[in-house]
Structures are given as C-alpha cells and as structure tokens.
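Just so it is clear, the structure is predicted and the values come from calculations on it, not from any experiment.
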Amino acid sequence: LSLHLMEEQSTINKVEERLDRALARQDWIDVLPHHSLMNGVAGISARARLGLKSLARYHSENGVGFSNQGCTHVQQVWMEASLWHTLQHAFDSLEDMHSIIFYILGKFSTSKVEEIVTVLWCLWRRRNEKLWEGVSKPVGLSLQQVFKHLQEWKTQHKRPNTATSHSPHRNSKWSKPPINYMKCNIDAVLFHEENKFGVAACIHEEEGMFAVAATSWFHGQPTPQEAEAVAFLFALNGIKEQQLGNIVIETDCKAISDAFKAQQFDNFEAGCILKICNTQISDIHNCSIQFVSKQANQVAHSLARASRSYVCPQMFDFNPSCIDLSDS
C-alpha cells in the first residue's frame, strides 16, 4: 500500500502526525497475528509506504519483549479453525500484507483459500462486534456462523449441472405471468451495519402492469435463507389479505423453491418459517412458487434495498420511484 504525499514539507509533517495518531490504535489493525501497521513516512520523501511488519522483529529492534494480547486472541481463532500451523510460517517470515496474500494464493487450493478468507472475515466481524457492540462471542460460535454463511453462498452460486446448462439464458429476464395469472416477485436484503433486514414483494398483473407492492424491515441478522423465508411469509400474508388467487411467486433463493418442490423443511429457523408458508400457500387458490435468476428478480431486490427508507410496513398502490420499469 503506497501513500503519495505532496512535496511540501509542511504537508508531509501533517500527514505523519495524523498517521501516528491513527496507527496508535492497535485494535483496528491487529487482524493478522504478530503483525502491525508501521508508520513508514519519511520526512524528506515524496512517497512513503505503510506496510505490515512483524511485531516480534519490531519489538526486538526496540528492546521490548514480545507481548500482545490481541495477537494471542487472533492466534486462538486461527488455531480453532485448524489453520494456525498451515499459516504460521507465512505469519512469522513474511513482513507485509502483499507478500502474505500472494503466498496464500500461490500455495493453497481454492477451497483452502476460501477457508482462510472466511477466517479473516470472522476476525473482522469479531473486532467490529467488540468495538461497536461490546460483544465477545465464543470463538467456536463465531467460526460456525461465518462458515455457515460460506456454505450458503457456495450453494446459492453453484454452477448449474449438465442437465440444465443447455439453456444458460433461461429465466435471465423477467417475463409476464401466464394468462389469467398474476406474478409476485419477492426478495430480502441484509443491512449488517444497522442490524436489520428488509423484505419486499411486488405484484404484476397478467399484462405485466404494476399492481401493488409492499415492503417491511425487521431488527436482527438472520441467515440469508432465513431472511428470504421471512420475505416469502410476508408476501403470502399480503396475498391472503388482498384475497388474491391465480398467482405465481418468484424467488431467487433456490433453497426455498427446492424445499417446496421436495416438501422437505429442516428444523432450523428457515425451515420452521417455510412450514408456516406451506400451510399458508395451501389456503390461496392456484398459488405456486418458482425459482428465477437474480437478474429476473431485480424489481423485488430494488424494493427490498429501499425498505429501510420507508415506514414499516409500507404499501404501494403506485409504482415506487425505486423501481426501474425497464427491469419488469
């Protein structure tokens, strides 16, 4: 990471002073074990570097014994993930982030790199939770949560098998509902920074004209699948209130559509919500659910992203400004 500074000495001194204050906050930068950002700004240089330098070497150079509580905690996370011995050589011998990243990319398989990146994400989340919320979860629980997110992401982005790959453009664009039917697109969006999530449903008539839409948001940070299940239940409740029938519900969450096709619902939170949805959908005349691509679900996604800007819940009997009509 290079920092380009102006030639004027006064500007350099100001930057150095601000960097000194910023880098003094070790808790912000102690993500990798045994490494710390060091201020490399030189007073007579127009270009300087901020790099990761071994804390052990830094302490020995300055006559200070190695002692860093944050590093001990970080090491515990890597050890709990069974990656400490895999990466210890890189942490001890390489001096900057650039070298560590390229060492990891060049030495390990894709699946191993995914694990390493997931643990880095876990460390970053734990740091933010501790700093902003004063929360210190058990290491095992934090790792379980992030690896669950990784598995769900891999499931959602799994490439289609050979049986369906012959039609790569299938469901890539929104289409009108069948004759005498309406179509309801649903989606959910997580707002991590606000500890809430939003859901949306948008219904179009037979000719593709906008009919009605609704949004809502809730506190909490469920898994993506749980949030999508809440969006599904939110849509079903609205459809029943409006006494609608002959309607196709579209979702870009394949796990939900697959669960309904197989009529198999797990006992976790998402599965419990889907069991309620399964009861609700049986009360709606000619109601079905199908999977579509994210591109074909852009209208619902845009609505869900805008949900936190509206009252909870919010109904629209006109086309909301956040919806791009070209997506439908």
Side-chain angles (χ1 to χ4, degrees), residues 171 173-189 196-220 222 225-257 259-261 263 265 270-294 296-328:
N171 288 340
K173 187 176 180 180
W174 189 87
S175 59
K176 296 178 182 179
I179 298 176
N180 296 325
Y181 273 78
M182 304 179 82
K183 180 175 286 189
C184 175
N185 289 83
I186 62 174
D187 203 5
V189 173
K196 64 173 65 170
F197 67 101
V199 298
C202 184
I203 298 178
H204 287 81
E205 296 177 345
E206 177 183 347
E207 295 300 320
M209 298 296 292
F210 174 87
V212 65
T215 63
S216 190
W217 55 264
F218 307 89
H219 290 290
Q225 187 172 329
E226 289 171 17
E228 295 282 358
V230 172
F232 187 21
L233 182 58
F234 175 73
L236 289 174
N237 287 336
I239 291 170
K240 289 186 66 175
E241 288 177 6
Q242 297 289 323
Q243 298 182 343
L244 301 177
N246 289 9
I247 189 163
V248 177
I249 299 176
E250 291 187 336
T251 174
D252 57 23
C253 181
K254 195 171 188 300
I256 289 181
S257 63
F260 270 83
K261 285 181 180 179
Q263 285 293 290
F265 311 105
C272 294
I273 298 172
L274 291 179
K275 288 178 183 177
I276 299 174
C277 293
N278 195 41
T279 302
Q280 295 273 56
I281 203 170
S282 62
D283 296 332
I284 302 173
H285 181 66
N286 287 343
C287 182
S288 62
I289 183 170
Q290 67 181 29
F291 170 75
V292 292
S293 67
K294 292 185 180 297
N297 206 40
Q298 276 300 312
V299 166
H301 183 71
S302 298
L303 262 178
R305 286 187 62 86
S307 61
R308 57 181 168 179
S309 300
Y310 299 116
V311 296
C312 177
Q314 174 70 57
M315 292 288 295
F316 302 91
D317 55 7
F318 57 89
N319 191 68
S321 59
C322 62
I323 291 182
D324 185 356
L325 290 176
S326 63
D327 292 330
S328 60

* To do: Taking atom types as modelled, find out whether Gln263 and Asn278 have a side-chain donor-acceptor pair closer than 3.5 angstrom.
  => yes
Which pair of heavy atoms, one from [X] and one from [Y], lies closest together, and at what distance?
| X | Y | answer |
| --- | --- | --- |
| Cys277 | Phe260 | CB-CZ, 3.8 Å |
| Ala200 | Ala304 | CB-N, 3.4 Å |
| Leu274 | Phe232 | CD2-CD2, 4.0 Å |
| Arg308 | Lys196 | CB-CD, 4.4 Å |
| Lys173 | Ala296 | C-CB, 3.7 Å |

* To do: Walk me through it: do Ile273 and Val230 pass the test side-chain contact (heavy atoms from CB on, under 4.5 Å)?
  => CA-CA 7 Å; Ile273 298 172; Val230 172; 3.7 Å; yes
Any donor-acceptor N/O pair, [X] side chain to [Y] backbone, under 3.5 Å:
| X | Y | value |
| --- | --- | --- |
| Gln242 | Ile239 | no |
| Asn246 | Met182 | no |
| Glu206 | Asn180 | yes |
| Lys183 | Ser175 | yes |

* Please lay out, stage by stage, how Phe218 and Phe234 fare under the test ring pair (Phe, Tyr, Trp, His ring centres under 6.0 Å). => CA-CA 11 Å; Phe218 307 89; Phe234 175 73; 7.1 Å; no
Gap between atom [atom2] of [Y] and atom [atom1] of [X] - 0.5 Å precision:
| X | Y | atom1 | atom2 | value |
| --- | --- | --- | --- | --- |
| His301 | Asn185 | NE2 | CG | 13.0 Å |
| Thr251 | Asn297 | OG1 | CG | 6.5 Å |
| Gln290 | Lys261 | CD | NZ | 8.5 Å |
| Ile186 | Cys202 | CD1 | SG | 12.0 Å |
| Ile256 | Ile249 | CD1 | CD1 | 10.5 Å |
| Ser293 | Asp252 | OG | CG | 8.0 Å |

* **Ring centroid separation Phe210 to Phe316 under 6.0 Å** => no
* **Step-by-step side-chain contact (heavy atoms from CB on, under 4.5 Å) determination, Ile281 to Leu236** => CA-CA 7 Å; Ile281 203 170; Leu236 289 174; 4.2 Å; yes
* Side chains of Val189 and Ser307: does their closest heavy-atom pair fall under 4.5 Å? -> no
* Asked: Would you say Pro177 and Val248 make side-chain contact, with heavy atoms under 4.5 Å?
  -> no
* To do: Please test Phe197 against Glu226 for side-chain contact (heavy atoms from CB on, under 4.5 Å), starting from the C-alpha separation and ending with a verdict.
  => CA-CA 11 Å; Phe197 67 101; Glu226 289 171 17; over 6 Å; no
